[in-house]
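Predicted, not measured: the structure shown is a model, and the values here were computed from it. Quick note on labels: first sequence line is chain A, next is B, and so on, each numbered from 1.
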Protein chains: 2
Amino acid sequence: MNPLDAARRMVRDALGEGEICGTCGSRVAGLCRPLDAATLDDVLAEAEHVVFGARDYLFQEGDRAGHVFTLVHGTAKLVRLLPDGREQVLGFRFTGDVLGYTTGGTYPFAAQLLTGATVCRLDRHRLDALMRRYPSLERRFLDLCIQELAATQDQLVTVGRRTAEARLAAFLLSLAESGHRRHIDGPVLDMPMTRADIADFLGLTLETVSRGFTAFRRRGWIREPSHGRVEILRRDELTELTDGEPG
Amino acid sequence: MNPLDAARRMVRDALGEGEICGTCGSRVAGLCRPLDAATLDDVLAEAEHVVFGARDYLFQEGDRAGHVFTLVHGTAKLVRLLPDGREQVLGFRFTGDVLGYTTGGTYPFAAQLLTGATVCRLDRHRLDALMRRYPSLERRFLDLCIQELAATQDQLVTVGRRTAEARLAAFLLSLAESGHRRHIDGPVLDMPMTRADIADFLGLTLETVSRGFTAFRRRGWIREPSHGRVEILRRDELTELTDGEPG
DNA sequence: CGTGTTCTTGATGATCATCAAAGGTGGTGG
DNA sequence: CCACCACCTTTGATGATCATCAAGAACACG
């Protein structure tokens, strides 16, 4: 069995049989999802699967932008570094999400894996050629970009105008939302990021995030059945906290 | 003279003669800038110019997304409202900038003018038809979207991880930068936004912004020759403040 | 079973929001 | 042309939120 077929088998095993895009990964999102069969076949032929370990970087800030990635399985954070070494997490990406597309020559942020992951990697030059052939692919990227922009604007509102607990509530609700997008509708959510990651995402310190989780737990709003998992018990309370008065 | 010719004359008068895109407005940016002549002519034929007053809304959050706008002359702010009435300014837009493109059915934020303005307005349906005919136009929107995304991510870093004065310094430097992009290289910058607008952009209160301006003035870092104008006297100090230690 | 990492909790203090009031500025109408 | 008015800006006093510093507890990993 050649390496590509091996990777495809791995993907099927990870996701279960079904309407899987063999190359670009997810049953629900991914790059190829809305493409027609002909386009899809050509994109498939150009892509390759790669397995990474936890904490590996898919790319660093400033690297030459040579590939576009689809997360077949795993979670990553997008981070921008500050001159003094602190970092701002721009967002988290989950199974099925697309990362690293830019029209510039270098990546404007780094992508670091939080878990081990399988990614589908497509060379930029090949992608550009495909886009010239299939304009629908370009349209697909425009849609993705507009979605990312809207999400980043949401985050700007959260960080700019909400209290610590309201930010945390917004984060938990967005976790649930992104699980929902991936048709993972069980009550218990995967939360592979550390308190420090969440703090760097919300513009807080890890201590403040930890106190927030403790407060929510004490009030019975959430439960943490194990490390790396949360269950939201009182969505209504969390929603009211994000939407309500600044206090 | 018909209204369209009148508007074009107004544009020429405002910008000075030169390589002006008669419909989409700016000598330096705008929608049509990188398009070839044939595409341009077709786009021109579909667009219309409209004059708005200060504080007018080009569109409200949630409005049906019926048009794409290019600012021929004037300044606008993009704002998202919070349930309690406070607002987050997502960004400012200047002469030559494009606003209001979305693939969704409604605008996800409002665009309010800070000054009187002339805009070039293009119907969404006509734009979609043009994009089918000229894929380069779609590419243009993708480039614009990626730029906006990068700018919003920058802003997230500023709001999430910097002190009040560092945020203000970053804002002033970005004002200078956007003036530079428009080839307005004089030392004195237009600053048509109020302290409250700036505060809502930076995630601060207007009082804190005012104190910041006072501090910068006292240190001799900036000068405000008149209302709505700033001159940066010590760019190096402002840069160090944004880049340096949190303190 | 030990070791390093992550998480929790406490004590303290700085930054910035809030509340309050006065001084400017521009625009409008008498 | 001046006076009034609305809005913007400045400045001060006070306090709340959250960062910082510190130490111990829980957990994961080899």
Nucleotide [N], atom [atom2] - distance to [atom1] of [X] in whole Å:
| X | N | atom1 | atom2 | result |
| --- | --- | --- | --- | --- |
| L202(A) | dA19(D) | CG | P | 10 Å |
| L206(B) | dA20(C) | CG | C1' | 13 Å |
| D200(A) | dA19(D) | CG | P | 11 Å |
| R229(A) | dA28(D) | CZ | P | 12 Å |
| R167(A) | dA19(D) | CZ | C1' | 12 Å |
| E207(B) | dC16(C) | CD | C1' | 10 Å |
| L241(A) | dT17(D) | CG | P | 13 Å |
| R217(A) | dA26(D) | CZ | C1' | 12 Å |

OP1 or OP2 of [N] less than 4.0 angstrom from a side-chain nitrogen or oxygen of [X], does that happen here?
| X | N | result |
| --- | --- | --- |
| T163(B) | dT15(C) | no |
| R195(A) | dT5(C) | no |
| T214(A) | dT9(C) | yes |
| R218(B) | dT11(D) | yes |

When rounded to the nearest 0.5 angstrom, what distance separates [atom1] in [X] from [atom2] in [Y]?
| X | Y | atom1 | atom2 | result |
| --- | --- | --- | --- | --- |
| F216(A) | E237(A) | CZ | CD | 10.0 Å |
| T242(A) | L168(A) | OG1 | CG | 11.5 Å |
| T158(B) | L156(B) | OG1 | CG | 9.0 Å |

Worksheet item: dC16(C), dC7(D), dT9(D): which one has an atom nearest the side-chain heavy atoms of R55(B)?
Response: dC7(D)

Discussion item. Starting the side chain at C-beta, find the nucleotide from dT6(C), dT20(D), dT18(C) nearest to T205(B).
Written reply: dT18(C)

Practice prompt. May I ask you to decide if G74(B)'s main-chain N or O and T115(B)'s side chain share a donor-acceptor pair within less than 3.5 Å?
Written response: no

Worksheet entry | Along DNA chain D (nearest heavy atom to each residue), the more 5'-positioned of H227(A) and T208(A) | T208(A)

Is a donor-acceptor contact shorter than 3.5 angstrom present between the side chain of [X] and the base of [N]?
| X | N | answer |
| --- | --- | --- |
| E224(A) | dC7(C) | no |
| R211(A) | dT20(D) | yes |
| E165(B) | dC16(C) | no |

Worksheet item: G203(A) near the nucleic acid: base, sugar-phosphate alone, or nothing, with a heavy-atom cut-off under 4.0 Å?
Response: sugar-phosphate

Discussion item. Classify T194(B) by what it touches in the nucleic acid, base, sugar-phosphate, or nothing, heavy-atom distance under 4.0 Å.
Written reply: sugar-phosphate

Discussion item. If you compare all heavy atoms of R161(B) against all heavy atoms of L204(A), which two are closest, and at what distance to 0.1 Å?
Written reply: NH2-O, 2.7 Å

